[in-house]
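Below is one structure, written out as structure tokens; comments come after it.
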Amino acid sequence: MSELTRTHNLQEIIDAPIGTEATLMGWVARRRDLGQLIFITLRDRWAELQCTLDPEESPESHAVASECRGEYVVAFTGVTRARPEKEQREGPGGDREFIVQSAEILSRAETTPFVIEEEVKASEELRLKHRYIDLRRRTMVRNITVRHQVVRIIREYLYEQGFLEIETPLLANTTPEGARDYVVPSRVHPGSFYALPQSPQLFKQVLMCSGMDRYFQIAKCLRDEDLRGNRQPEHTQLDLEMSFTSREQLFGIAEGYMQRIWRECIGHELPVPFPRVPYNEAIERWGSDKPDARFGSEIRELTALWQGTEAAFVTAGLEEGQVVHGVFIPGLSLSRKELDSWTEKAKRYGANGLMTIETGGEEPKGSVARFAPDLQAFAALAAECESSSTGTWCMVLGPKPKNLKVLGELRLKLGEEAGLIDHTQFAPMWVVDFPLYEVNEETGGVTAAHHAFTNPLAADMHKLDSTDIDELLSIRADNYDLVLNGVEMSSGSLRVFDPALQMRILRNMGLSDEQIEHRFGWFLEAYRYGAPPHRGFGQGIDRLVMSLLGVDNIREVIAFPKTATAQCPLTGAPATIEQDQWWELRLQPLK
RNA sequence: GGGGGCGUGGUCUAGUGGUCUAGGAUGCCUGCCUGUCACGCAGGAGGUCGCGAGUUCGAACCUCGUCGCCCCCGCCA
């Protein structure tokens, strides 16, 4: 092979003055052989450029180009020239071509398993099996590049703010709660196992006890649970923790880098501060702790509008103390068949049925329009909520919590159906003050809703010693989720830094002092030698990049993702191990 | 753990019991072509219809099992 050196990448030669001499290297994206003239579209990570091989210019190069096939790696030496007037094209490099004076094939390529094109037709499985080929596609280059930019911006921003980037172990201990752990057998200690961290939670809190003050890490988090379109067994998280700081200061940090990311990556200005919405209010208004606020149609209580109705089932429900809630979907009009399908959906979410009233039309329509005591009132309320009275009220009758849950789900689907969601918009919000505890279905007692190290809200601290389950469940935590377009982006809290308070919370969860000592002893001890108040959060990087790029599959923003069954089609992982490895680890598979 | 969808030349797909000797597009190979840019034109090669069993005179097509992929619920920060 020759001693050629690349002088320019394709973006550099496109940006250079016409007439620049260069040696280019890249992949043959396309070859157009006109018999005499041959055009080769060269591709690298940066760009694509048309290279012209004219036998009158260089017979040798032309001969080499005749041999070139798709995905051959070539080196071209020559000079850029302005394209003839009529041959100019829109887009980067469309004004020029590269006249090749000397050509060399650096590497030949077999026919690829699928065609490299933007609108990729190959199955995802095949793309993953040959991911190195898939990653040559412009969209994948863009996704991976934007991901890089996101991480770079986060790092730069946090360095400016005085954060220390500190690594924590991957070989750690099993976490007492949460998801299933990935475990790693210890050869040195047969029968003992490390667990791969579900997050660096305990380490980062202990780092605060060390006085590290402002910590962050771009950390891999691992959990052995079933996968989804936006879940992978290993995902990347911005893990962050700060001492001596208020909630507002912490929000300012997150808003700072979010704003910078959106501005620099896609030129979109996110207004700060993001709205702060208490958990209880989010549930009331959107029926969800992660509301999609890109559209209105918030949930309204409509019980009053049903007083005096002739519909027996409604009257009966109201007498039992049930209530009516609804969402108004502007522009929505349901056929008989569509209504049945939506009713089916509502029932799947737990409702007894779906009541609709279509307003704004000539005739009153909808499944319960004829029972409405005052149709005008529905139209008027619609106009007040959505500044339009043309559309459909979708209502459910039942206990309030169930109504809110059902409508929370329906609202999203109906909003999508009615085209109310502007997919170019971003609606971030902080949802704050979640319940500290939730009911533990197995024991009937309470367990930590988020994790056991979340500090209660100061105003609710006095309820901690209550023996009443409902009282305990009403305790709010000093925690917060960053929600964007209905997706949870990050989650964090003020941590318990008083060992005595931590004990009370763990005891409320039904743990004995022995269990607490065994599971969290080392951690609680760290808080006995001078612990600062501190708070932090973890932010999912994969989901952030998905949202930024508007893609709905997490695999599109990860270079080497796993399949839905947690396998890697490229490497074949996970795989069996050799007999001597079993032996060395003192393990054997169960029959 | 449960439910649903898919599996046909390299790739994407048509085909719902006999018309299939499996069609198309794209890719690949050969030839022709000096301004193409999804180049064009002509010709050619390429298939265990995921795998196994069954039903049937006859199966890409129906049934059962199995494997793989995707989506949803459970689960999961």
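Quick note: numbers below take in every heavy atom, side chains included, and nothing from hydrogens, waters or symmetry partners. Per chain, numbering begins at 1; letters A, B, ... match sequence-line order.
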| said: What verdict does the side-chain contact (heavy atoms from CB on, under 4.5 Å) test give for A/Arg69 and A/Arg108, after you've listed the backbone C-alpha separation in whole Å, the side-chain angles of each residue and the deciding distance to 0.1 Å? | reply: CA-CA 8 Å; A/Arg69 293 296 180 271; A/Arg108 291 166 194 273; over 6 Å; no
| query | The side chain of A/Thr111 lies closest to which of these nucleotides: B/rA77, B/rU11, B/rG27? | reply | B/rG27
| task | Please tell me which of the listed nucleotides, B/rC70, B/rG35, B/rC69, lies nearest to the side chain of A/Glu124? | result | B/rC70
Which nucleotide, if any, forms a Watson-Crick or G-U wobble pair with [N], using both distances under 3.5 Å?
{"N": "B/rG43", "value": "B/rC29"}
{"N": "B/rG17", "value": "none"}
{"N": "B/rG68", "value": "B/rC6"}
{"N": "B/rG54", "value": "B/rC62"}

Would you state whether a donor and an acceptor, one from the side chain of [X] and one from the base of [N], lie under 3.5 Å apart?
{"X": "A/Arg228", "N": "B/rG74", "answer": "yes"}
{"X": "A/Arg31", "N": "B/rC39", "answer": "no"}
{"X": "A/His450", "N": "B/rA77", "answer": "yes"}
{"X": "A/Gln36", "N": "B/rC33", "answer": "no"}
{"X": "A/Arg231", "N": "B/rC75", "answer": "yes"}

| task | Using a cut-off of 6.0 Å, state whether more than 12 heavy atoms not belonging to A/Lys562 lie near its atom NZ. | result | yes
| message | Is it the case that over 12 heavy atoms from other parts of the model lie below 6.0 angstrom from the CG atom of A/Asn352? | response | no
| query | Which part of the nucleic acid, if any, lies within reach of A/Asp552 when heavy atoms closer than 4.0 Å are counted: base, sugar-phosphate only, or nothing? | reply | nothing
| If you look at every strand shown and take non-hydrogen atoms under 4.0 Å, does A/Ile38 touch a base, only sugar-phosphate, or nothing? | nothing
| message | If you assign A/Arg81 and A/Thr112 each to the RNA chain B nucleotide with the nearest heavy atom, which residue ends up on the more 5' nucleotide? | response | A/Thr112
| query | Closest nucleotide of RNA chain B for A/Asn230 versus for A/Ser199: which of these residues is on the 5' side? | reply | A/Asn230
| remark: Per salt bridge (charged side-chain N to carboxylate O under 4.0 Å, His left out), A/Lys121 is matched among A/Glu117, A/Glu119, A/Glu124 by A/Glu117
| task | Decide, applying a 5.5 Å centre-distance limit and a 30° plane-angle limit (both strict), whether A/Phe39 stacks on B/rU36. | result | yes
| query | Ignoring hydrogens and geometry, is there a side-chain-to-backbone donor-acceptor pair from A/Arg83 to A/Arg96 under 3.5 Å? | reply | yes
